[in-house]
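Down below is the structure, laid out as structure tokens.
Heavy-atom basis, side chains included; hydrogens, waters and symmetry copies ignored. Because the structure is predicted, anything quoted here is derived from the model rather than measured.
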Amino acid sequence: VLEHLADPVAALRYAMEMLEPGGKIVVTVPAFGMFWTSHDEINHHYVRYTKTSFGLIAAQAGFDVQMQEYFFHWVAPLKLVVRLKESMLGAGGKPPAVPPGPVNQMFITLSRWAQRWMRRLRLPFGTSLLCVGNANQAAI
């Protein structure tokens, strides 16, 4: 939920205080400001992160990042099209509807396939960022 918070450093620090010794934190956040759309506004996001920007708040919070990886690569071109459409025509007044079950299942399958195959490429983009790490004990 860090993208929803005005003070993500405090929230991340608090989460680390709750960890058992040797515990890990797994964080997923939306990635890259260039993918900002009305979806972010509807969901009350404050920010989209990059590996660098997440690394900065992690360091402030005393979170040792052990792994960072972008995902949802295949969604990136679609998000750019939506952003372009919204910049030209406006965002519209209501959130998009959830797709019908079969369409949603197709997107789930595509996402799983894409993650399995595209993660090998280590692409430097995606619409989401996954970070795994633990508390820097000296910082707590």
Side-chain angles (χ1 to χ4, degrees):
V1 298
L2 296 178
E3 68 273 14
H4 299 277
L5 303 174
D7 189 357
V9 173
L12 189 54
R13 189 176 293 131
Y14 181 74
M16 288 184 305
E17 290 171 1
M18 308 311 296
L19 283 178
E20 295 287 330
K24 302 239 182 262
I25 294 180
V26 177
V27 177
T28 61
V29 290
F32 292 105
M34 71 179 156
F35 298 130
W36 188 275
T37 66
S38 62
H39 182 262
D40 295 286
E41 300 288 337
I42 290 166
N43 287 296
H44 305 283
H45 291 174
Y46 279 87
V47 66
R48 285 179 155 268
Y49 292 94
T50 63
K51 288 179 179 180
T52 301
S53 65
F54 184 84
L56 291 172
I57 69 156
Q60 291 174 25
F63 177 82
D64 284 334
V65 176
Q66 297 171 334
M67 187 277 283
Q68 289 183 308
E69 180 178 303
Y70 293 112
F71 63 106
F72 288 133
H73 307 96
W74 71 272
V75 178
L78 302 174
K79 290 289 278 187
L80 290 174
V81 168
V82 169
R83 183 177 171 129
L84 178 63
K85 177 196 146 267
E86 289 180 356
S87 70
M88 292 171 40
L89 304 175
K94 62 179 185 171
V98 174
V103 174
N104 212 28
Q105 186 58 49
M106 179 188 69
F107 287 140
I108 290 168
T109 301
L110 178 59
S111 294
R112 287 179 178 154
W113 177 86
Q115 187 60 20
R116 184 177 303 124
W117 294 102
M118 296 182 91
R119 79 182 309 178
R120 297 174 186 185
L121 301 175
R122 298 271 188 230
L123 296 173
F125 67 91
T127 61
S128 292
L129 174 63
L130 168 69
C131 303
V132 178
N134 56 13
N136 177 334
Q137 293 304 316
I140 295 180

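Between P30 and V47, the shortest heavy-atom distance links the atoms CG-O, 4.1 Å. Across every non-hydrogen atom of L129 and F71, the tightest pair is C-CE2, 3.7 Å. In this structure, A31 and G126 approach most closely via the heavy-atom pair CB-O, 3.4 Å. Shown here for L2 and V27, the closest heavy-atom pair between the two residues is CD1-CG1, 3.9 Å. Scanning both residues, E86 and S38, for their nearest heavy atoms gives OE2-OG, 2.6 Å. P8 and L5 make their closest contact through CD-O, 3.6 Å (heavy atoms, listed as atom of the first residue, atom of the second, distance).
V1 and L19 fall within a single hydrophobic cluster, where Ile, Leu, Val, Met, Phe, Trp and Tyr are joined by side-chain heavy atoms under 4.5 Å apart, directly or via other members. Cluster membership check: L12 does not share its hydrophobic cluster with V26, using side-chain heavy-atom separations under 4.5 Å among Ile, Leu, Val, Met, Phe, Trp and Tyr. The cluster map of Ile, Leu, Val, Met, Phe, Trp and Tyr, joined by side-chain heavy atoms under 4.5 Å apart, puts M88 and L80 in different clusters. Under a hydrophobic-cluster definition in which Ile, Leu, Val, Met, Phe, Trp and Tyr are linked whenever side-chain heavy atoms come within less than 4.5 Å, directly or via other members, M67 and V29 are assigned to different clusters. A single hydrophobic cluster is seen to contain both L123 and M34, as judged by linkage of ILVMFWY side chains at heavy-atom distances under 4.5 Å, directly or through other members.
Between the H73 side chain and the F125 main chain, a donor and an acceptor come within less than 3.5 Å of each other. Distance alone, capped at 3.5 Å, is enough to place a donor-acceptor pair between the Q68 side chain and the K51 backbone. D40 places a side-chain N or O within 3.5 Å of a backbone atom of T37 that can act as its donor or acceptor partner.
With contacts defined as side-chain heavy-atom distances shorter than 4.5 Å, the pair F72/L78 does not qualify. Counting only heavy atoms from C-beta outward, the side chains of W36 and E41 approach each other to under 4.5 Å.
Here CG of N134 is found 13.5 Å from CD of E20. Values are rounded to the nearest 0.5 Å. Atoms CG and CH2, on L110 and W74 in that order, are 4.5 Å from each other to the nearest 0.5 Å. Here the straight-line distance linking atom CG of L130 with atom OH of Y70 works out to 11.5 Å at 0.5 Å rounding. Here SG of C131 is found 13.5 Å from NZ of K24. Values are rounded to the nearest 0.5 Å. Here H4 contributes atom NE2 and Y46 contributes atom OH; the two are 11.0 Å apart, rounded to the nearest 0.5 Å. Note that the CE atom of M106 and the OG atom of S111 stand 10.0 Å from one another [nearest 0.5 Å].
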Y14 vs D7, side-chain contact (heavy atoms from CB on, under 4.5 Å): CA-CA, chis, key distance, verdict: CA-CA 11 Å; Y14 181 74; D7 189 357; over 6 Å; no

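Using bins of under 30°, 30° to 60° and over 60° for the plane-to-plane angle, the ring pair F35/F32 lands in the perpendicular bin.
The environment of NE2 in H39 is sparse: at most 12 heavy-atom neighbours from other residues, nucleotides or ligands sit within 6.0 Å.
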